[in-house]
Trainee: 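The structure's right below; bear with me while I get my questions together.
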Amino acid sequence: MSQRLVVKFGGTSVGSATAIGQAADIVCALQSEGHRVAVVTSAMSGVTDALLAGAVMAVSGRSDALAGVSDTLRTKHETAAEELRLADDERAAVLEPIHARLAEFQLLCDALAVLGEASPRAMDAIGALGERMSIHLLAAALRARGAEAVPIEASSIVRTDSTFQSAVPVMDVTARQAESVLMPLLARGIVPVITGFIGATSDGVITTLGRGGSDYSGAIIGAALHADEVWIYTDVDGVMTADPRVVQGVRTLDMLSYREMSELAYFGAKVLHPKTVLPALERGIPIRIRNTFNASHPGTLVLGKVGDGDRLLKGVTAIRAQSLVTIEGRGMLGVPGIAARAFGAVARTGTSVSMISQASSEQSICFLVSADAASTVVDALKHDFRHELERHDIESIWSLDHVVIITVVGGAIQETPGIAGRVFGAVGDAGINVIAIAMGSSECSISLVVAAADADRSVRCLHDLIDI
Ligand code: ADP
Ligand code: ASP
Ligand code: MG
C-alpha cells in the first residue's frame with residue numbers, strides 16, 4: 001500500500017558521503033515501493049556544534065580559532081560533495097549554496113566580533129546554517145540515483161513564534177504552508193529534502209527548535225502533511241532499554257507507547273527529541289526509529305497503544321549535570337502560596353524545572369534544575385524570599401550540585417504493586433544513596449536523584465530489573 005512518509009535523517013546519517021549515499025538508497029527504495037516521501041535532514045554530524053562554537057570564538061575575538069572552524073566546515077562539505085562523485089554541473093549546483101552559507105557564517109561572525117556579544121537570534125541564524133548546507137548534498141545524492149529531489153529550507157514551511165533557540169511551532173500556519181509548498185511536489189513524485197531544526201517567524205526571521213530539534217521537525221512536518229508515518233533514521237537500531245554508551249547488553253525495544261516514549265525522551269534518552277512525540281500523538285501518527293546503517297532492522301515503533309502482554313519496564317535513562325535546589329524552613333508550614341512564589345521566581349530566570357521532588361513537605365520544597373542555572377535560581381529565590389529569610393520563616397535556600405536524575409519508565413508502573421520497592425531495593429542493595437525521588441500519579445515512571453558519581457552504576461543496576 002502506498003503511504004505518505006516523512007523520513008528524517010540525523011547528523012551521523014548524513015555525516016559523510018558514504019552515509020549520505022546510504023540515506024539516499026533508503027529513500028529511493030521507499031520511492032520504488034510506491035511511497036511518497038518527504039525527507040527532513042539534520043546538519044552533517046558535528047557541524048551545528050562547530051558553528052555555535054565559532055560564534056562564541058567570534059564574540060571573544062579568537063579570530064585564528066574561528067578561521068580554523070571555517071576551514072574545517074568547508075573541507076567537510078567539499079569532501080562530501082567530492083566523494084559523492086556527482087556530475088560536474090551537479091557538484092557546482094551543490095557547492096554554490098554551500099559556499100554562500102559559509103560566507104554568511106563569516107559575515108555573521110564578523111558582526112558578532114564587532115558587537116562583542118551574540119543574541120539568541122544571532123545564534124539561531126548561525127546554528128541554522130548546517131541544515132541549510134546538508135540539504136544540498138542529500139538532494140544531489142538522490143538525484144544521482146535517479147530520483148527527482150529538491151532542497152527546501154523549512155523557513156518557508158515551519159512557522160514559529162520568536163522564542164529563539166527553542167521556538168514553538170504555529171501549527172495551523174505550518175500546515176497551510178506545508179500543503180502549498182510540499183503537497184504539489186509529493187503529488188508529482190518529487191522528494192522534498194527539508195532542513196530539520198529550523199523555522200521562521202511571521203517576519204521571516206530564522207529560528208531553531210532547540211538542540212537535537214530535527215526529530216521534532218520531522219514530527220511537525222509529518223503532522224502538517226497528515227503523513228501515514230514518521231520515520232526517524234539514526235545511528236542505532238532503535239530505542240534501547242538504556243543508553244548503549246553506558247550499559248552493555250541493552251536491547252532494542254520493538255514497540256513503545258507515545259507516553260513511554262515521551263517519558264524516556266524527556267528524562268534523557270537522547271535518541272529522540274522530547275517534543276517529537278506531541279505532534280505525532282495529536283494526529284495518531286506512528287513514529288518509527290530506525291538505523292540508517294542497518295536498514296533491514298525494523299527498529300522501534302511508537303504508537304498510541306501497545307500490547308498488554310508487554311514487558312512492565314521499558315527503559316532506564318539519566319539526565320546529567322543537575323542541581324537539587326532546596327527551600328527549607330519551619331515557618332513555611334501552612335503558609336499558602338510559597339510554592340507558587342518559588343516556581344514563579346524560577347520561571348522568571350527562564351529556567352525550566354526538570355523534576356519536583358516528593359521529598360518536599362510543607363517545611364521544604366526541592367526541585368531540580370540544570371547545573372548551569374543553579375546559582376541564578378538560588379539568587380532569584382533569595383531575592384524574592386528576602387523578607388521570609390530575615391524573619392527566619394525560611395531558614396535557608398541552597399543547591400546541591402553534581403546530581404543526576406535516573407528514571408525507570410514503563411507503561412504499567414502505576415498499576416503494578418511492588419515496582420517502587422524493587423527499584424529502591426535494587427539501588428539500596430548496590431549501596432547507592434537516593435537523595436530525592438519523584439513518582440508521578442499519571443506518569444509511567446519513577447525518578448531517583450543520586451550523586452553524579454553513582455549515575456552509571458545506578459543506571460546499570462536498574463537496567464538489571466528491566467526483564468522482570
Ligand atoms: P541523530 O543525530 O540521529 O539525531 P543522536 O545522537 O541525537 O542521533 O541520538 C542517537 C544516539 O542516542 C545513539 O547513538 C545513542 O548513543 C544515544 N542514546 C541514548 N540513549 C539511548 C536509548 N535509550 N536508545 C537508543 N539510543 C540512545
Ligand atoms: N543539527 C541540530 C543539532 O545538532 C539539530 C539536530 O541534529 O537534530 O542540534
Ligand atoms: Mg538527535
Side-chain angles (χ1 to χ4, degrees), residues 7-16 19 22-23 26 40-53 73 123-124 126-135 138 154 158 165-167 194-199 206-220 231-254 256 260-276 287-294 297 299-300 302 313-320 406-409 455-456 459 462-463 466:
V7 175
K8 177 259 169 177
F9 293 99
T12 323
S13 302
V14 293
S16 65
Q22 280 171 276
I26 288 169
V40 173
T41 184
S42 290
M44 295 179 82
S45 50
V47 166
T48 313
D49 283 343
L51 289 163
L52 297 176
L73 290 172
M123 291 305 265
D124 274 359
I126 290 175
L129 294 167
E131 276 72 7
R132 296 178 66 204
M133 295 192 275
S134 64
I135 47 172
L138 184 51
V158 178
Q165 299 187 304
S166 181
I194 309 155
T195 53
F197 188 43
I198 74 178
I206 287 187
T207 54
T208 71
L209 305 171
R211 293 306 310 269
S214 292
D215 300 327
Y216 190 25
S217 304
I220 291 168
W231 292 11
I232 306 285
Y233 273 95
T234 183
D235 56 3
V236 287
D237 285 341
V239 182
M240 297 176 170
T241 45
D243 186 339
R245 294 165 297 185
V246 174
V247 183
Q248 281 185 342
V250 291
R251 268 189 303 107
T252 303
L253 295 154
D254 314 330
L256 284 168
E260 289 169 328
M261 184 68 246
S262 69
E263 210 78 340
L264 284 169
Y266 177 81
F267 282 110
K270 191 196 170 208
V271 65
L272 200 73
H273 188 282
K275 290 185 183 165
T276 312
I287 305 174
R288 280 179 208 275
I289 292 109
R290 303 189 64 169
N291 191 347
T292 305
F293 309 102
N294 187 12
H297 193 289
T300 302
V302 183
L313 299 181
K314 298 297 173 60
V316 186
T317 59
I319 316 185
R320 290 164 203 273
I406 309 289
T407 303
V408 183
V409 175
D456 288 354
V459 171
L462 290 173
H463 189 259
I466 292 260

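The residues of the chain are indexed from 1 along the displayed sequence. Excluded from the calculations below are hydrogen atoms, water molecules and symmetry mates; all remaining heavy atoms, backbone and side chain alike, are included. For ligands, and for the atoms within them, numbers begin at 1 and follow the listed sequence.
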Trainee: Looking only at N/O atoms, are Lys8 and ligand 1 under 3.5 Å apart anywhere?
Mentor: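 N/O-N/O distance below 3.5 Å exists for this pair.
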Trainee: Is Gly315 near ligand 1, meaning one of its heavy atoms is under 4.0 Å from it?
Mentor: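 Under 4.0 Å: no for Gly315.
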Trainee: Does the residue Gly213 have a heavy-atom contact with ligand 2, meaning some pair of atoms that are separated by less than 4.0 Å?
Mentor: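 It does, in that a heavy atom of Gly213 comes within the 4.0 Å cut-off of ligand 2.
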Trainee: Which residue and atom name correspond to the protein heavy atom nearest atom 6 (C) of ligand 2, and how close is it?
Mentor: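 Of the protein heavy atoms, Ser214 OG, 3.3 Å lies nearest.
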Trainee: Salt bridge between Asp456 and Arg245, side-chain N to carboxylate O under 4.0 Å?
Mentor: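 So Asp456 does not pair with Arg245 through a salt bridge.
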Trainee: So between His273, Met240, Lys270, whose heavy atom ends up nearest atom 9 (O) of ligand 1?
Mentor: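 Checking each option, the heavy atom nearest atom 9 (O) of ligand 1 is found in Lys270.
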Trainee: Could you tell me which atoms of ligand 1, counted from 1 in the order shown, lie closer than 4.0 angstrom to a heavy atom of Val239?
Mentor: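 It comes down to these atoms of ligand 1: 24 (N).
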Trainee: State if Ala242 counts as touching ligand 1 under the rule of any non-hydrogen atom under 4.0 Å.
Mentor: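 Ala242: in contact with ligand 1 (<4.0 Å).
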Trainee: Checking side-chain polar atoms at under 3.5 Å, does Asp124 have a donor or acceptor matched by the opposite partner on Thr207?
Mentor: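 No pair is found: no donor N or O on one side chain lies under 3.5 Å from an acceptor on the other.
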Trainee: Before accepting this row, confirm whether a basic side-chain N of the pair Lys270/Asp215 lies closer than 4.0 Å to the acidic partner's carboxylate O.
Mentor: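 No salt bridge links Lys270 with Asp215.
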Trainee: In ligand 2, which numbered atoms sit nearer than 4.0 Å to a non-hydrogen atom of Thr48?
Mentor: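 Per the distance check, 1 (N), 2 (C), 3 (C), 4 (O).
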Trainee: Heavy-atom contacts with Glu131 under 4.0 Å: which atoms of ligand 2 show up? List them by number with element.
Mentor: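 Answer, ordered by atom number: 1 (N), 2 (C), 5 (C).
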Trainee: Give the numbers and elements of all ligand 2 atoms closer than 4.0 Å to a heavy atom of Ser42.
Mentor: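 That gives atoms 6 (C), 7 (O), 8 (O) of ligand 2.
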Trainee: Where is the tightest heavy-atom contact between Ser217 and Phe197, given as atom of each residue plus distance?
Mentor: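 So the minimum-distance heavy-atom pair works out to OG-N, 2.7 Å.
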Trainee: Does an N or O anywhere in Thr234 fall below 3.5 Å from an N or O of ligand 1?
Mentor: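 Thr234 vs ligand 1: N/O contact under 3.5 Å present.
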Trainee: Look at atom 4 (O) of ligand 2 and say which protein heavy atom is nearest, naming residue and atom and giving the distance to 0.1 Å.
Mentor: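 Protein heavy atom at minimum distance: Arg211 NH2, 2.9 Å.
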Trainee: Any heavy atom of Gly212 closer to ligand 2 than 4.0 angstrom?
Mentor: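 Within the 4.0 Å threshold, so yes.
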Trainee: For atom 21 (C) of ligand 1, tell me which residue out of Leu264, Asp243, Thr300, Thr252 has the closest non-hydrogen atom.
Mentor: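 Nearest option to atom 21 (C) of ligand 1, by heavy atoms: Asp243.
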